[in-house]
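Reviewing the structure listed below.
As the structure is a computational prediction, the values presented were derived from the model and not from experiment.
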Amino acid sequence: MNCPQVCEVLSAARDGEPVDPTMLTEARTHSESCRECAEFVTLLGRLDTAPAPRASEDLLARLEARTAVVAADLREAPPRAIADEPGHAGVHTSRPRTSWLPRFAALASAAVVIVGALTVAGLVLVGGQAANEQVAEESLRSAEPAPAGSADDKTGAESDTAAVLTQAVAPAYVTFGTEVWTLVQAASPDPSSLVTAGVVTSTLDGTGGDNPAYFTATDTSALYVKTTDGRYLAFERVIRTLGRSEYVLVSGTQITAFGTWPTLPERFEPPTEADGSPTFRYFGFDDEHLDVYVPLGGRIQDAFALAPGSPIDDPAAGNPNWTWWERLE
């Protein structure tokens with residue numbers, strides 16, 4: 001039994017799906033001696049301790065107040081006139097029956113929970129990075145609905161999602177090699193501590209070009225880029241985790257200006273279906289609880305893909321393209 005089969009069996013067993021006992025025993029035995037599969041077992045265990053999202057009390061109060069107003073309007077609505085004919089004996093007026101009101105309350109409560117969960121997810125901070133916070137604000141602003149009747153006014157969840165994806169602005173990314181790095185802040189490193197790492201080709205914030213890039217002698221987690229006007233900008237890798245392993249975002253094309261999205265490596269054709277086919281197949285989910293995909297014949301231990309349109313507070317920052325993440329050694 002190989003690693004993907006082990007993970008599928010263990011995941012199905014956790015979800016309560018019927019699993020052959022012999023296969024389950026074999027999968028558990030395999031995971032005891034395989035580091036990657038042991039990490040997957042650890043990830044499954046963490047799901048039971050993940051806290052449930054909760055909306056703020058202020059949001060709940062406002063939504064409940066709005067629900068009460070709608071319910072009051074429905075109660076006060078006048079009954080529709082119905083012809084007094086035998087054929088209409090079983091027809092009800094437009095006034096809501098009292099037996100329907102509990103259903104309305106239940107639906108309203110469900111809406112509070114769903115909207116609350118989305119609000120909490122949208123308020124998560126992204127590493128305290130001022131540049132990414134600005135991008136998040138611009139992305140949210142671009143997602144506001146257009147005035148009714150305007151040319152940009154769309155209806156339906158599908159058109160709303162498409163609007164967010166097409167209008168989202170990429171963070172302040174650069175590529176160093178194939179890895180994607182994001183701006184953290186302006187920096188003032190000690191020049192004597194810097195070691196030349198290479199060149200970053202990017203217009204940056206408008207003061208860039210072919211920019212010298214540096215690490216320090218003791219730290220390669222921060223990349224210092226010197227602009228043409230002599231300033232230093234500090235960048236860090238864009239990273240997500242799966243189990244105890246870190247994966248770095250990789251771009252198939254060079255990012256030459258802030259606001260440009262990374263793309264899949266050229267060896268992959270962009271999937272044509274939502275399930276990743278024909279390029280990828282679904283594998284499971286990472287520590288952000290987002291679905292991850294592997295190439296046909298690929299291993300999750302090496303790299304995986306993420307579907308477009310992740311939340312803006314996710315490391316992928318709502319990228320409208322499929323993204324590729326390689327294990328960081």
Side-chain angles (χ1 to χ4, degrees), residues 125-139 167-241 245-268 270 302-306 308 310 312-329:
L125 296 178
V126 189
Q129 301 177 15
N132 284 359
E133 290 173 359
Q134 180 179 359
V135 170
E137 182 179 353
E138 293 174 353
S139 298
Q167 297 177 27
V169 178
Y173 288 147
V174 297
T175 43
F176 185 62
T178 59
E179 294 181 348
V180 178
W181 297 66
T182 187
L183 176 65
V184 180
Q185 61 187 4
S188 300
D190 178 5
S192 64
S193 69
L194 299 179
V195 177
T196 300
V199 174
V200 168
T201 300
S202 172
T203 58
L204 303 174
D205 56 0
T207 58
D210 288 333
N211 314 282
Y214 306 88
F215 293 126
T216 66
T218 58
D219 183 17
T220 59
S221 64
L223 181 70
Y224 297 95
V225 176
K226 187 175 183 180
T227 66
T228 54
D229 60 2
R231 294 178 297 123
Y232 286 94
L233 299 177
F235 293 80
E236 65 180 12
R237 291 180 178 90
V238 181
I239 290 175
R240 63 189 317 109
T241 59
S245 299
E246 292 184 329
Y247 294 77
V248 62
L249 178 59
V250 169
S251 181
T253 53
Q254 188 176 57
I255 297 176
T256 58
F258 286 172
T260 304
W261 290 110
T263 61
L264 283 175
E266 292 183 355
R267 65 182 181 275
F268 296 124
D302 300 328
F304 58 79
L306 194 75
S310 64
I312 58 173
D313 61 328
D314 177 80
N319 193 325
N321 307 312
W322 283 82
T323 51
W324 183 245
W325 304 78
E326 295 183 353
R327 187 166 181 168
L328 184 62
E329 299 296 341

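- The distance from the OG1 atom of Thr178 to the CD atom of Glu326 is 6.0 Å, given to the nearest 0.5 Å.
- Aromatic rings of Phe258 and Tyr173 (six-membered ring for Trp) have centroids beyond the 6.0 Å cut-off, not under it.
- Contact annotation: the side chain of Arg237 never approaches that of Val180 to less than 4.5 Å [non-hydrogen atoms, C-beta and beyond].
- Counting heavy atoms from C-beta outward, Pro270 and Phe268 have side chains that stay 4.5 Å or more apart.
- The two residues Pro262 and Ser251 come nearest to each other via the heavy atoms CA-OG, 3.5 Å.
- The shortest heavy-atom contact between Ala213 and Phe176 is CB-CE1, 4.1 Å.
- Not one N or O on the side chain of Thr175 forms a donor-acceptor pair closer than 3.5 Å with the backbone of Gly177.
- Atom CG in Leu328 sits 12.0 Å away from atom OG1 in Thr241 (nearest 0.5 Å).
- Nearest heavy atom pair, residue Ala317 against residue Pro171, reads CB-CG, 3.7 Å.
- Looking at every heavy atom in both residues, Ala172 comes nearest to Phe235 through O-CE2, 3.9 Å.
- Listed here is the closest heavy atom pair of Thr227 and Thr207: CB-O, 3.5 Å.
- Two residues are said to be in side-chain contact when any heavy atoms from C-beta on lie closer than 4.5 Å; Tyr224 and Phe215 fail this criterion.
- Put simply, CD on Glu236 and CD on Gln185 are 9.5 Å apart, with the number rounded to the nearest 0.5 Å.
- Among the candidates Glu329, Arg240, Arg327, the single residue satisfying the side-chain hydrogen bond (donor to acceptor under 3.5 Å, both in side chains) test with Ser245 is Arg327.
- Contact annotation: the side chain of Asn211 approaches that of Leu204 to within less than 4.5 Å [non-hydrogen atoms, C-beta and beyond].
- In terms of heavy-atom proximity, Trp324 sits nearest to Ala303 at CZ2-CB, 3.2 Å.
- Donor-acceptor pairing under 3.5 Å is lacking for the side chains of Thr263 and Asn321.
- Just one of Leu249, Asn319, Asp314 meets the side chain to side chain contact (heavy atoms under 4.5 Å, CB included) condition when paired with Leu306; it is Asp314.
- Put simply, CG on Asp210 and OG1 on Thr203 are 11.5 Å apart, with the number rounded to the nearest 0.5 Å.
- In the model, Ser193 has no side-chain atom that pairs as donor or acceptor with a side-chain atom of Thr216 under 3.5 Å.
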Inset, instruction - Go through the steps for Val174 and Ile255 under the test side chain to side chain contact (heavy atoms under 4.5 Å, CB included), then give the verdict. - result: CA-CA 5 Å; Val174 297; Ile255 297 176; 5.7 Å; no
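- For the 3.5 Å distance criterion, the side chains of Trp325 and Thr323 qualify, holding a donor opposite an acceptor.
- Using a 4.5 Å cut-off on side-chain heavy atoms (C-beta onward), Arg231 and Asp205 make contact.
- At least one side-chain heavy atom of Trp261 sits under 4.5 Å from a side-chain heavy atom of Pro320.
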Legend entry - From CA spacing to verdict: side chain to side chain contact (heavy atoms under 4.5 Å, CB included), Val225, Leu183: CA-CA 10 Å; Val225 176; Leu183 176 65; over 6 Å; no
